[in-house]
Structure formats: C-alpha cells, structure tokens
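The model shown is predicted, which means the values in this text are computed figures rather than measured ones. Quick note on labels: first sequence line is chain A, next is B, and so on, each numbered from 1.
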There are 2 protein chains.
Amino acid sequence: MKTLRVPEATVTRLSIYSRFLERLDRNGITTVSSGEIAEGVGVSPAQVRKDLAYFGEFGTRGVGYNVKDLLKYTLKILGLDQEWALAIVGAGNLGFALCTYRGFNVRGFHIVGVFDNDPTRIGKRIGDLVVQPLTLFPEIAQKENIRIGVIAVPTSAAQEVADMMVKNGVEAVLNFAPVAINVPDEIEMRNVDLSVKLEILTFNLGFRNAQSL
Amino acid sequence: MKTLRVPEATVTRLSIYSRFLERLDRNGITTVSSGEIAEGVGVSPAQVRKDLAYFGEFGTRGVGYNVKDLLKYTLKILGLDQEWALAIVGAGNLGFALCTYRGFNVRGFHIVGVFDNDPTRIGKRIGDLVVQPLTLFPEIAQKENIRIGVIAVPTSAAQEVADMMVKNGVEAVLNFAPVAINVPDEIEMRNVDLSVKLEILTFNLGFRNAQSL
DNA sequence: TAGATTGTTAATCGATTAACAATC
DNA sequence: TAGATTGTTAATCGATTAACAATC
C-alpha cells in the first residue's frame, strides 16, 4: 500500500482555499488561477498548486481552475461531502457559542446534542437544541451515530469527558480545554487553544521591542 | 543587529509549556526535567530543550529546571509579565464567550471593552463589562491604551473593523472571522479558525478509510 | 565518583519555493 | 502561433531529532 503523507499544513490550507472558493462561487466567479487563490488567502501560487497536486489534477493548463468543480473537489477531500453528527459537551459560554457558530453548520457539521451535568443548564434551549444531562450521552450517541465530540468543559473535567466519548464510539475529538488529553491511537484528536495565538501576538510585540534596543 | 529567528511553532509550544508549568506549580512540584515536560505536553525532550535554548540557559545539568523560575522565564518571554489591554469587537455569542473565557484573564489579558453596533446588544452586561457602541471605540481605545483588538464579528464586517482598530492605534489583531484580512505590515495579526481543525479531523477519518480500501 | 540531565552541534527529515516542460 | 497557467521536479530552506560533551 502506498502511504501518501499529506502535511497537516496542506490540509489546513485546503480548508482555507475551500472557503475562499465558496466566496468566489457566491460572487458568480467561474474560473480562478493558482495565483488568484494564493493572493486571496495569503500564500504562494506554487504552494496552492503543490497542495492540490497531492490529490489529483484539477486544473486546465493555460486556463486555471473551474471554481465550482474545484470547490466540490476540495470539499470531498476534506470529507465534507457528507454530514457529520457532532456532539458538544459543556454548555457554558463557550459551548453555547459553538452551538450557534454558523461556521460549523455551514460546512456539513450537524450538531445533534449538547450535554452538561450542571442542573442549572440542563433543559436550557440553545437554538434548536436542548441541553441534555451528560448521563444521556451513551444513548444519544448510539441513536444519532455521533462520530465527533467537542470538549467545551473546564480543564479539570476534560480527560474524563474524552474517556466517556471514546467509550461511546466517538472517532474524533476536538478539545477546547487548554490541557493535553490522552486518547487511544486510533482516535483522531486536536486541541484548539483560544489563548495561544494571543500569546504569539504578545511575544511578537515584545520581541520586536527587544530587537530594536 | 543579530536577528534571531524563532520559529512560530516554538512560541506556540512555549505557551503550552508555560501552562503545564503553572499546573506543576499549583501541585507543589518544584523541579522538572525536559523529559517530564515533554511527556506532559506530548513533544520530544530534545524539542523542549531546543525551544528553551533560543532564549537562554534556564536549567541545571544533572538536575533539571526549577518550576517557579522556568515558569517566570516563559511568561516573560511570551510578554505575559505585563498586562495587556484588549478590546473585543462583536458581542454576539462568540464575543460573549470570549469575554467570559477564563483562559484570557488568567494570562495577563485585561478586557477593557466590548463593542457592537447592534442596538439590541449595546448596554447589555457581560460580567463586569457593558457592551459599548462601536462609535465609542476611538475614545475608549485612547483612554485605556488598547493594544490588542479581537475581531468577533461576521465575515462581512471583519475587514472594516480591522481598519478601524488599526486607525485607532491597535498594534495586534486576533481575528475569529474565517476570512483573510489585510493590515499594514507593522501590525501583528493572526487568525483563529474554529472550523479548520474540525475539518482536519474529518479529512483524517475519511483519508484513513480511503487508505484501507 | 557514578548517575543524571542539560545545552548544543551535526545529521536527518520534511516542507516550501523556484523553475520549467507540458499543454490549453 | 503566442500567451498563459498548470503539474512536477529539483533546489533550497528550515525545523526536528539524535547524539554527546559539559557539568551538576
């Protein structure tokens, strides 16, 4: 079996290209070149072509790419040509924001449950959803075939929640708690840290001053 | 002038090390080795030592690192030994969540203003804060010396908000809208895309199936 | 001293970029 | 055909890792 190694940065960019193509498509633009995509998202044209080349030949030499087709291809590559049932555990402010975040729903993610074990939150409506007690997770996970779990609980509860998700058949975990979590190798898992990028900014501001001394 | 190039990945990890050290410190642990840090955050020991080596010699050979000291150094490196006045523009669900996100306040970020131009949001309380009309941004930015701006508005308004921030002396911008934004070179700017990592997960799940065909 | 762990160099690995033949 | 842009290879660049001397 030939094992194609695709850099994670390539997948990240693909996701960004794809969103850019959606915008072009909405604006009625039918053809786009690697240079225009590059310009639009802030990378080099060679990078755009190289990223796409991992997956096939999608363009026409001398012409460029058909926007609608390329959009379809990128969505398919990213696995967004299907619906993904997703659950959010933690119905605090962050969980609430994630439930209503349009960015999720637009891209094929279907939130089928929000869970919490705080009695003051259980039963609360968030859009179409009602906050469920955490004890119902196993049942709903099975019924709705939840494949992706989102952790939006405090750091102290994050590992426990991850364990419960894995035990109930979740295949991928997105963790918003700023802590390293252990899951079995076969589970896909990524952290989103809302504060790290802020700290990159403060580092750069401070660093710049230091260098000009 | 010797221009030290520090990889952005190093800064990201430094931020993670620093949070791990906080946890060790809270648990009363006084000494830690590169191996233990590595284990705790999921990187290699060599990586930990290399990352730290960009900035100085913080350990004792044969012994390891003093937790309190190393924590202090990492915070200083990241610029978190000072308070940063920060404003959030956009008081929707995401803006709301960011205002109340403990991860910000704990690390030296001080939210001095939340702004929106939606009349139904203006005047609303969020914790200690009251949502201000966007028109007051210039005044408050000057009074509070806002150096960091956080964009939590819809895609369509993001560029406009960024422009306004820059015009009013903001030095760094953190953008949560899933769109590329143009700012002058001297402005630090990063995007946080809540959906990209989710799409890396779906890519990996799909890709894995494809490879096992 | 023996054992442990750092700081640093050199080797390896991987990703980006430049360049150009292919081709519309 | 001339002009444009892709797909791909080779060169470059940069980051990670392995290894070990320094030293507690």
Side-chain angles (χ1 to χ4, degrees), chain A residues 2-17 20-21 24 29-71 73-74 77 196 200 203-204 207, chain B residues 2-17 20-21 24 29-71 73-74 77 196 200 203-204 207:
Chain A
K2 100 171 181 239
T3 312
L4 174 62
R5 264 291 300 156
V6 181
E8 184 150 321
T10 287
V11 182
T12 302
R13 285 189 299 262
L14 233 38
S15 164
I16 295 168
Y17 301 158
F20 179 67
L21 292 166
L24 294 185
I29 293 162
T30 57
T31 304
V32 68
S33 68
S34 59
E36 289 163 333
I37 297 174
E39 167 95 41
V41 306
V43 302
S44 73
Q47 181 86 77
V48 173
R49 296 200 298 275
K50 179 79 186 183
D51 286 336
L52 294 172
Y54 283 103
F55 303 98
E57 307 190 1
F58 306 113
T60 308
R61 292 169 196 229
V63 177
Y65 304 88
N66 177 286
V67 171
K68 266 190 202 308
D69 288 349
L70 189 57
L71 174 57
Y73 290 130
T74 54
I77 291 165
V196 163
I200 291 175
F203 169 82
N204 284 338
F207 198 60
Chain B
K2 101 170 179 241
T3 313
L4 174 62
R5 264 292 300 155
V6 181
E8 185 150 317
T10 288
V11 182
T12 302
R13 285 189 298 263
L14 232 38
S15 165
I16 295 168
Y17 303 157
F20 179 68
L21 291 166
L24 294 184
I29 293 163
T30 56
T31 306
V32 69
S33 69
S34 59
E36 290 162 333
I37 298 174
E39 167 94 41
V41 307
V43 302
S44 73
Q47 180 84 268
V48 173
R49 295 200 297 277
K50 180 80 186 180
D51 286 336
L52 294 172
Y54 283 102
F55 304 98
E57 306 190 1
F58 306 114
T60 308
R61 293 168 195 229
V63 178
Y65 303 88
N66 178 286
V67 171
K68 268 191 201 307
D69 287 349
L70 189 57
L71 174 56
Y73 290 130
T74 53
I77 291 165
V196 163
I200 290 176
F203 170 83
N204 284 338
F207 198 60

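With rounding to whole Å, F58(A) atom CZ is found 11 Å from dT8(D) atom P. For the pair E39(B) CD and dT5(C) P, the computed distance is 13 Å after rounding to whole Å. Here dT6(D) presents its C1' atom at 15 Å from CG of N66(A), a figure rounded to the nearest Å.
The heavy-atom pair separating T10(A) from F55(A) by the smallest distance is CG2-CE1, 4.4 Å. Considering all non-hydrogen atoms of both residues, S34(A) and V48(A) come closest at O-CG2, 3.9 Å.
A heavy-atom distance below 4.5 Å is not found between the side chains of V32(B) and Y17(B). Using a 4.5 Å heavy-atom cutoff, the side chains of I16(A) and V43(A) are not in contact. Side chains of P7(A) and Y54(A) form a contact here, defined as non-hydrogen atoms less than 4.5 Å apart. For the pair Y65(B) and L52(B), the minimum side-chain heavy-atom distance is below 4.5 Å.
With pairs defined as Watson-Crick or G-U wobble and both atom distances under 3.5 Å, the stems of at least three pairs that touch DNA chain D come out as C:3-24 with D:3-24.
T12(A) contributes a side-chain N or O that, together with a main-chain N or O of E8(A), makes up a donor-acceptor pair within less than 3.5 Å.
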Review point. Nucleotide by nucleotide, 5' to 3', does protein get under 4.0 Å of the base (B), only the sugar-phosphate (S), or neither (-) in nucleotides 12-24 of chain C, counting heavy atoms?
Key: ---SBSBB--BBB
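Nearest to the side chain of E57(A), among dT8(D), dG7(C), dT6(D), sits dT8(D).
Partners of T74(B) by side chain to side chain donor-acceptor pair (under 3.5 Å), not counting sequence neighbours: none found.
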